[in-house]
> 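Input: one structure, supplied below.
This structure is a prediction, so every number in the text was calculated from the model and none was measured.
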Amino acid sequence: MDGVLAGYRVLDCSIAMAGPFAAQRLGDLGADVVKVEPITGEWQRHAAAGGAAGNRINVSFLSLNRNKRSLAVDLKSAAGKSLLLKLVESADVFLQNYRPGVAKRLGVDYETLRAVNPRLVYVSISGYGEDGPYAQRPGQDLLLQAMSGAMLSTGRAGEPPQAAGQYLVDAVTASTAFEGVLAALLHRERTGEGQLVTVNMLDAITTLQMQELSVHTVGGLPQERSAEPHAHVYIRAPYGTFATSDGYLALAFPPIKLLGELIGEDSFADAVDEEDGWTRRDELFAKTAARLVLQPTAHWLETFEAAGIWAGPVYSYDDLLADPQIAHNGTFVTYEHPTEGTVTTPGFPYRFSAAPPKITRGAPLTGEHTREVLAELGLGSAEVDVLLTDGIVVETSAEGEAPAEAVPAAEAS
């Protein structure tokens, strides 16, 4: 393999989204990512988001595990743990998102693995932190969106807050872990030493709100929602999504007087943006909404663009896929998977002129590369056969059947 991270080996012992997504990003950049999963398969293999089951690999797992090889091994057995420790000897990164305390019980905590490989970059992802009063709480996306305060920055006052339409906390935690790995590897290149990198979902979603929370803590401004569904508590009106006669559009803090002229709202004529945009928020929003619903989206977008007002369409996923800028950027990638057929998914959020990211393999079947990885450790075919017979490891192929028994998620973050 080639790429920015070619030559680095990552052991991905994580499950669900945040950890696997972070490891996939490393694989996209050329790292050799070995997904070390239970012999029954990682939990996400058995939990299909949206019910998208796939042929032999559900879409959830498929989307988070490309550019990886699968080693399926029973880490609760002495023989299985011995195989992992042997892998650690040549690894650069070890990534896990077990519940706090589980890694130590399994004998794969940082101190244990550092004794095997002092240069190892060990990444531990948790829901709320490695310790503390919430350490054992389940690190679930929706719960952390709610706890982070983010939900109470949008929507109508007095109504239930709305969650983001994405797995927002999982995604930002994955990006945070990815950044942590790269920084730790750079540190190792300069000093020769590995280290422990800890990332937790609560801190990730909290620090993502750097500007909003600073406005509150430094500026002293309360987090107060309006009666109208304003899109952000700390941005002046009108700001948000509005219905048109045939759909929706997004409008971002236009000059209020100019907006009034364009939509035919005379009461905006004396408005001062940085005063009335705050003190008349509900009025400005409601009156804007009453005018925009009278004309189609295309009319308003053309009108606003000509006047230099920031506005844009509200896309569906189908609209996004058909967008010419998305096509120009090559945002989505299409490749052939041996069991799932033609696959189209989002590609890479970065560009490198010298060593661009690419897809070298789709998501693996459970234990698809078990024999291959163990051969790299020096195990002969007969030794692997014994491990297979004893149930320490499993292997499968595109022609064979993968294990189907689900594994509980209780040990994840």
> Under 3.5 Å, is there a donor-acceptor pair between the side chain of Asn65 and the main chain of Gln24?
no
> If you count every heavy atom of other residues, nucleotides or ligands that lies below 6.0 Å from Gln223 atom CD, does the total exceed 12?
yes
> So does Phe304 have more than 12 non-hydrogen atoms from other groups sitting under 6.0 Å from CZ?
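Atom CZ in Phe304 is packed in, count exceeds 12.
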> Is a donor on one side and an acceptor on the other found under 3.5 Å between the side chain of Lys81 and the backbone of Leu106?
yes
> For the side chain of Asp319 and the backbone of Ser316, is there at least one donor-acceptor N/O pair under 3.5 Å apart?
yes
> Within a 6.0 Å radius of atom CD on Glu130, are there more than 12 heavy atoms belonging to other residues, nucleotides or ligands?
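Yes, enclosed.
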> Between the side chains of Glu372 and Arg69, is the shortest nitrogen-to-carboxylate-oxygen separation below 4.0 Å, so that they form an ion pair?
yes
> Quick check: does any side chain N or O of Asn67 sit under 3.5 Å from a backbone N or O of Thr360, one acting as donor and the other as acceptor?
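A pair under 3.5 Å: yes.
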> Between Asp390 and Ile392 (side chain of the first, backbone of the second, donor and acceptor by atom type, cut-off under 3.5 Å), is there such a pair?
no
> Taking the ring centre of each residue, are Phe285 and Phe242 less than 6.0 Å apart?
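Yes; Phe242 has its ring centre under 6.0 Å from that of Phe285.
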> Is it the case that Gln145 and Asp141 place a side-chain donor and acceptor less than 3.5 Å from each other?
yes
> Check step by step if salt bridge (charged side-chain N to carboxylate O under 4.0 Å, His left out) holds for Glu89 and Arg9.
CA-CA 11 Å; Glu89 293 176 6; Arg9 171 169 283 181; over 6 Å; no
> Using the side-chain contact (heavy atoms from CB on, under 4.5 Å) rule, pick out the option among Leu26, Val93, Asp92 that qualifies with Leu5.
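Answer after filtering Leu26, Val93, Asp92: Leu26.
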> Does Arg236 make a cation-pi contact with Tyr239, if we ask for NZ or CZ under 6.0 Å from the ring centre and within 45° of the axis?
no
